[in-house]
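Here the structure is laid out as C-alpha cells; the discussion comes afterwards.
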Amino acid sequence: NSGTATTTAIITVTPTVNGCVGMPSNYTITVNPSPTVNVPASSTACHASLVSMASFSSPTAGTTYTWANNNTAIGLAASGTGNILPFTANNPGAQAVTATITVTPEANSCIGTPSIFTITVNPLPVITFAPMPQLCHTSPPFALAQASPAGGTYSGNGIAAGMFDP
C-alpha cells in the first residue's frame, strides 16, 4: 500500500471439487500503508550551544518514530523514540564532529524506510596572537591582523574598524 491510509479488500472464494460447487466464503484483507518520515534539514551548531528540538512528521496517521545516533560525542544519546529534545552540543576538540541520525517510522505494525539527517558540532575557535610590534604614542595606526584564525573581531581602546591607533 503506497498510500497513507489503510485499504481493505473483500475476497470471495468459491470452492469447486469434482464438478461440485461449494458455498462461497468471504475473506477481508487489510493492507496497511508503509509509513514515511519527514526529518529536519541537517544542521550545524557550536560547542556548548543549545541544539533545537528535531521534530518528525508523517502523512500516515499514528506514525511513531525511533531514532539512532552514530556519534554520541556530539552530546546526543545513542538512541530514542519520538522527537529529539533540545540538547547541549559537545565538541571540546579542534575539528568538527558530525553525527548521522537515522529515523525509522512505524505505523499499524508496518516499518517504513528510514531517513537520515546530520548534526555537525563545530569546536570553539582557539585564538593565537602574534607578538605586537614595539609602539610609541606617535606610531601610525596599523591594521590588526596578528590573530589566528582570521575573521575575528577586535575591540578595545584605540581600535576602530580593525585598525589600532596608539
Same cluster or not: are [X] and [Y] linked, directly or through other Ile, Leu, Val, Met, Phe, Trp or Tyr residues, by side-chain heavy atoms under 4.5 angstrom apart?
X: I159; Y: F142; result: yes
X: L144; Y: L135; result: yes
X: F129; Y: F164; result: yes
X: V13; Y: V21; result: no

Indicate yes or no: at least one non-hydrogen side-chain atom of [X] is less than 4.5 angstrom from one of [Y].
X: I127; Y: S148; answer: no
X: T6; Y: P33; answer: yes
X: P92; Y: H47; answer: yes
X: P166; Y: S139; answer: yes
X: I101; Y: I116; answer: no

With side chain to side chain contact (heavy atoms under 4.5 Å, CB included) as the test, would you mind laying out the steps for T44 and N122 before giving the verdict? CA-CA 7 Å; T44 301; N122 290 320; 3.1 Å; yes
Atom [atom1] of [X] and atom [atom2] of [Y]: how far apart are they, to the nearest 0.5 Å?
X: M53; Y: N83; atom1: CE; atom2: CG; result: 5.0 Å
X: S115; Y: N38; atom1: OG; atom2: CG; result: 7.5 Å
X: E106; Y: T81; atom1: CD; atom2: OG1; result: 11.5 Å
X: I74; Y: I119; atom1: CD1; atom2: CD1; result: 4.5 Å
X: L85; Y: S52; atom1: CG; atom2: OG; result: 12.0 Å
X: Y65; Y: S57; atom1: OH; atom2: OG; result: 5.5 Å

Closest non-hydrogen atom pair between [X] and [Y], with its separation:
X: P24; Y: T12; value: CB-CG2, 3.9 Å
X: P35; Y: A107; value: CG-N, 3.6 Å
X: A89; Y: C46; value: CB-O, 3.5 Å
X: W67; Y: L76; value: CH2-CD1, 3.8 Å
X: A99; Y: N69; value: CB-OD1, 3.2 Å
X: T100; Y: N70; value: N-OD1, 2.7 Å

Between the side chain of [X] and the main-chain N/O of [Y], is any donor-acceptor distance below 3.5 Å?
X: N91; Y: G93; result: yes
X: Y154; Y: A160; result: no
X: T4; Y: T60; result: no
X: S58; Y: V37; result: no
X: N71; Y: A73; result: yes

Passes side chain to side chain contact (heavy atoms under 4.5 Å, CB included), V39 versus F56? Steps please. CA-CA 5 Å; V39 298; F56 311 124; 4.2 Å; yes
Neighbour count above 12 (heavy atom, 6.0 Å) for M132 CE: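 Count over threshold, so yes.
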For N157, does the CG atom sit with more than 12 other heavy atoms under 6.0 Å from it, leaving out its own atoms?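 No, the 6.0 Å shell around CG holds no more than 12 heavy atoms from other groups.
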Would V51 and T88 count as a side chain to side chain contact (heavy atoms under 4.5 Å, CB included) if you check the C-alpha gap in whole Å, the side-chain angles of each, and the deciding distance to 0.1 Å? CA-CA 6 Å; V51 178; T88 301; over 6 Å; no
Side chain to side chain contact (heavy atoms under 4.5 Å, CB included) evaluation trace for T28 with T8: CA-CA 7 Å; T28 301; T8 303; 3.3 Å; yes
